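Everything below concerns the one structure shown next.
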There are 2 protein chains.
Amino acid sequence: MNERQRESTGFLLKQRAFLKVFLITEIEQGRSYGLQLRDILLTHFQAYGFKPHHSEIYHSLHELTEAGILRKREELEEGAKYKKLSIYTIEDEEKAKAYKKLVKADLDRCQGLINKALSHNYA
Amino acid sequence: MNERQRESTGFLLKQRAFLKVFLITEIEQGRSYGLQLRDILLTHFQAYGFKPHHSEIYHSLHELTEAGILRKREELEEGAKYKKLSIYTIEDEEKAKAYKKLVKADLDRCQGLINKALSHNYA
DNA sequence: GTATGAACACACTGTTCATAA
DNA sequence: TTATGAACAGTGTGTTCATAC
């Protein structure tokens, strides 16, 4: 989370924050695991050229877990083989909402910044 | 410049590119120098929390000059003291336009990406 | 104090490597 | 192959230092 990211030079949103709100949103709608979440991400954002590496997804999930927002549980998936999945669910709904709210403010700011750049430089 | 920035994971625009198009736009409207350009930048973008350090401005100006887009000329400013300024003007109008066009495509993409994030996560 | 620039340090992200089933 | 994770490496950016006037 790192509240000291305020008081930076404040350019655009960090990828990590972008990923975290996406992950929270998806997990709010049901249990899920790393690579599955990445697949969902790609269906939504690959059209915009965004295709983060799997390590970024895992790193984000780990940080959200350490922050007490998500809970991780390992499960054995029945199937042709026994595969161990790391299933994530929401641990603290309040913290999740608070974090999403924080990032929304930054997304709004970025939207303004980019719109301003477009109108200023391409009038 | 660096055309190989295509085929990255393509998150948001780099600050350097943002600064470069701003600098080109301002310099197209008249000769100017580093810290003056930074002041103009702040009047437009500080409201969005963007306040880049002066070294970033200089670095951007240097790169644009190396790329043959800008031309640098040192001048002595008359005043209470003789102060040496680095005045920039457009060196190659075509290259400047081409670069701005390139970055506009990325700005448009970012606009879409952010709008998508807002609608997806905050429906 | 203003102006320019370089050098250094760090944070973020991307690639590679390791392990398991 | 899918899945998870760690370790490493590189790039961009922020801070500090140096110089001049």
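Within every chain, numbering begins at 1; the chains are lettered A, B, ... in the order of the sequence lines, protein sequences first and strands thereafter. Source: prediction; values computed, not measured.
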Quick one: [X] [atom1] to [N] [atom2], roughly how many Å, whole number?
| X | N | atom1 | atom2 | answer |
| --- | --- | --- | --- | --- |
| Leu37(A) | dT2(D) | CG | C1' | 15 Å |
| Lys14(A) | dT11(D) | NZ | P | 18 Å |
| Gln15(A) | dT15(C) | CD | P | 11 Å |
| Arg38(B) | dT13(D) | CZ | C1' | 14 Å |
| Ile87(B) | dT2(C) | CD1 | P | 17 Å |
| Phe11(B) | dG14(C) | CZ | C1' | 15 Å |
| Leu85(B) | dA20(D) | CG | P | 17 Å |
| Lys51(B) | dT15(D) | NZ | C1' | 14 Å |

* Excluding sequence neighbours, so at least two apart, what forms ring-ring contact (aromatic ring centres under 6.0 Å, His included) with His44(A)? -> His120(B)
* Asked: For Tyr48(B), what residues pass the ring-ring contact (aromatic ring centres under 6.0 Å, His included) criterion, not counting sequence neighbours?
  -> none
* Structure fact -> Glu56(A) meets the salt bridge (Lys or Arg N to Asp or Glu O under 4.0 Å) criterion, sequence neighbours left out, with Arg16(A)
* Under the salt bridge (Lys or Arg N to Asp or Glu O under 4.0 Å) rule, collect the residues that match up with Glu93(B), sequence neighbours excluded. => none
* Could you walk me through whether Ile87(B) and Lys72(B) pass the side-chain contact (heavy atoms from CB on, under 4.5 Å) test, one step at a time? => CA-CA 6 Å; Ile87(B) 304 293; Lys72(B) 175 184 164 183; over 6 Å; no
* Distance check: side-chain N/O of Gln36(A) vs OP1/OP2 of dA3(D), anything under 4.0 Å? -> no
* Asked: Can a side chain N or O of Tyr33(A) be found less than 4.0 Å away from OP1 or OP2 on dA3(D)?
  -> yes
* **Among dT13(D), dT2(D), dT16(C), the nucleotide that comes nearest once only the side chain of Glu56(B) is considered** => dT13(D)
* **Residue closer to the 5' end of DNA chain C, Leu35(B) versus His53(A) (nearest nucleotide)** => Leu35(B)
* Could you list the residues that satisfy side chain to side chain contact (heavy atoms under 4.5 Å, CB included) with Gln46(B), not counting sequence neighbours? => Leu42(B), Lys51(B)
* Within the side chain of His62(B), is there an N or O that forms a donor-acceptor pair under 3.5 Å with the backbone of Tyr58(B)? -> yes
Anything under 3.5 Å between a protein N or O and an N or O of nucleotides 5-9 of chain C, put it in a table, one pair a line.
{"unit_1": "dG5(C)", "atom_1": "OP1", "unit_2": "Lys72(B)", "atom_2": "NZ", "d": "2.2"}
{"unit_1": "dG5(C)", "atom_1": "O6", "unit_2": "His54(B)", "atom_2": "NE2", "d": "3.1"}

